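Everything numeric in this text was worked out from a predicted model, so none of it was measured. Naming: A, B, ... by sequence-line order, numbering from 1 per chain.
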Amino acid sequence: MRLATWNVNSIRARVVRTVDFAVRENIDVLAMQEIKCKPEQFPYEAFEEAGYHVEAHGLNQWNGVAIASRSPITEVEHAFPDMPGFLKGHEGPDAPQEARALGATIDGVKVWSLYVPNGRGLDDPHFTYKLHWLEALRAYTQRTLAAQPDLPLALVGDFNIAPTDADNGDPTVVEGVTTHVSPEERAAFQALLDAGLTDTVRPLVPTGYTYWDYKQLRFPRNEGLRIDFILGSSALADAVVAAEIHRNERKGEIPSDHVPVVVDLELDGDADDDRPMIF
DNA sequence: ATGACGTTATTGTAACGA
């Protein structure tokens, strides 16, 4: 299985580019974030003509997540348990959930397409929301892997955290000043790893960014952030044989500000695993 | 210069992003 994640920053604005990438790169499962539309507005036809099933979860013009897959998509969920909600001016336990998580099972792999809240500012209610959201995700992960230690679980998407200083090349992103690099966010990311997940890309692609702001020549200057990840349980991480960050997708006409991240998995029963058996 | 850049709501202006 070739698994990818991409914050597309509007699927309607970039459907041709997105499908072209999936086909050209032979992607089996593409998790998308920031589709910025409701399901009835999603350009399903372009994906279906290219051989993909699609599940989309969007409530309005904000956020929105989707999964395109060559194999059938089952066990679809629109939130993980206890996922907090948010509504500006109506913070609290009763705030409605946003379209930031889509879970599904594909060829035995449990995949979550995740768009972690931005945080907006260190003193903003959205920052508290971000930390609560990540804690609920950690708790879900820990419970799930305690019950099913051998589950191939993939948490993929835009985590809106640069886990180490090496993941921050943007001079305007500064610890103590902006989100994405605070000790609290980094601790929340580490807690996810401690719950049984591995960053499956870093060992194979040790450097590089996945996002560059549209403003101030950030991409030509290569002043980006590494904030998009493919995290996997041990069963999933052990199956990773290759990983890529597709920096070139930040080039050309109307690019997203994020680029795709891809892993190749060799799972038991892979139909395309044609290597000879050697004893 | 409280903006730069881009998308979506909408059609003048605001929210949101990281």
Seminar exercise, completed: Here the distance between atom C1' of B/dG17 and atom CZ of A/Phe86, to the nearest Å, is 13 Å

For this session: Give the rounded distance in Å between these two atoms: CG of A/Asn60 and C1' of B/dA15.
Result: 11 Å

Problem set entry | Rounded interatomic separation in angstrom, taking CD from A/Gln61 and C1' from B/dG17 | 13 Å

Please write out the pairs of protein N or O atoms and N or O atoms of nucleotides 4-7 of chain B separated by less than 3.5 Å, giving the distance to one decimal.
{"from": "B/dA4", "atom 1": "N3", "to": "A/Gln216", "atom 2": "OE1", "distance (Å)": "3.3"}
{"from": "B/dT7", "atom 1": "OP1", "to": "A/Arg14", "atom 2": "NH1", "distance (Å)": "3.1"}
{"from": "B/dT7", "atom 1": "O3'", "to": "A/Ser10", "atom 2": "OG", "distance (Å)": "3.2"}

Exercise. Where along residues 168-182 of chain A does a heavy atom fall under 4.0 Å from DNA chain B?
Worked result: A/His180

For this session: For A/Gln41, report the nucleic acid contact type (base, sugar-phosphate, nothing); a contact means any heavy atom under 4.0 Å.
Result: sugar-phosphate

Exercise. For atom C1', what is the distance between B/dG3 and B/dT13, given to the nearest Å?
Worked result: 16 Å

Exercise. Do you know the tightest heavy-atom contact between A/Trp6 and A/Glu249?
Worked result: CH2-OE1, 3.6 Å

Problem set entry | Inter-nucleotide C1' distance (B/dG17, B/dA4), Å rounded | 14 Å

Seminar exercise, completed: Atom CD1 of A/Ile11 and atom C1' of B/dT8 are separated, to the nearest Å, by 15 Å

Exercise. Going by the side chain to side chain donor-acceptor pair (under 3.5 Å) test, which pairs reach into residues 40-55 of chain A, not counting sequence neighbours?
Worked result: none

Exercise. What is the nucleic acid contact for A/Tyr115, judged by heavy atoms within less than 4.0 Å: base, sugar-phosphate only, or nothing?
Worked result: sugar-phosphate

For this session: Apply side chain to side chain donor-acceptor pair (under 3.5 Å) to A/Thr128 and list each qualifying residue two or more places apart in sequence or on a separate chain.
Result: none

Exercise. Taking only residues two or more places apart in sequence or in another chain, which ones pass side chain to side chain donor-acceptor pair (under 3.5 Å) with A/Thr172?
Worked result: A/Asp170

For this session: Among residues two or more places apart or on two chains, list those pairs meeting side chain to side chain donor-acceptor pair (under 3.5 Å) that have a residue in residues 135-147 of chain A.
Result: A/Trp112-A/Tyr140, A/Glu135-A/Arg138, A/Arg138-A/Gln142

For this session: Could you check whether A/Arg100 gets within reach of a base, just the sugar-phosphate, or nothing at all, counting any heavy atom under 4.0 Å?
Result: sugar-phosphate

For this session: Give one of base, sugar-phosphate or nothing for A/Arg120, where a contact means two heavy atoms less than 4.0 Å apart.
Result: base

For this session: Considering non-hydrogen atoms only, spot the tightest contact between A/Val23 and A/Ala50 and give its length.
Result: CG2-CB, 3.7 Å

Exercise. Separation of A/Trp212 atom CH2 from B/dG17 atom C1', in whole Å?
Worked result: 17 Å

Problem set entry | Nearest-angstrom distance from the residue atom CG of A/Asp257 to P of B/dG17 | 12 Å

Exercise. Can you find a pair of side-chain heavy atoms, one from A/Leu3 and one from A/Asp28, that are under 4.5 Å apart?
Worked result: no

For this session: Quickly work out the A/Gln33 CD to B/dG17 P distance and round it to whole Å.
Result: 14 Å

Problem set entry | Qualifying ring pair (Phe, Tyr, Trp, His ring centres under 6.0 Å) pairs, either residue in residues 242-264 of chain A, two or more places apart | A/Phe21-A/His246, A/Tyr211-A/His258

Exercise. Between A/Glu34 and A/Cys37, which has a closest nucleotide on DNA chain B that is more 5'?
Worked result: A/Cys37

For this session: Kindly write out the residues that satisfy salt bridge (charged side-chain N to carboxylate O under 4.0 Å, His left out) with A/Asp199, not counting sequence neighbours, or none if the list is empty.
Result: A/Arg202

For this session: Rounded off to whole Å, could you give me the OH-to-C1' distance for the A/Tyr211 and B/dC16 pair?
Result: 12 Å

For this session: Provide the distance between the two P atoms, one in B/dA1 and one in B/dT11, to the nearest whole Å.
Result: 33 Å

Exercise. Under 4.0 Å: is that the gap between some side-chain N or O of A/Arg218 and OP1 or OP2 of B/dG17?
Worked result: no

Problem set entry | side chain to side chain donor-acceptor pair (under 3.5 Å) contacts in which one or both residues fall within residues 79-88 of chain A, not counting sequence neighbours | none

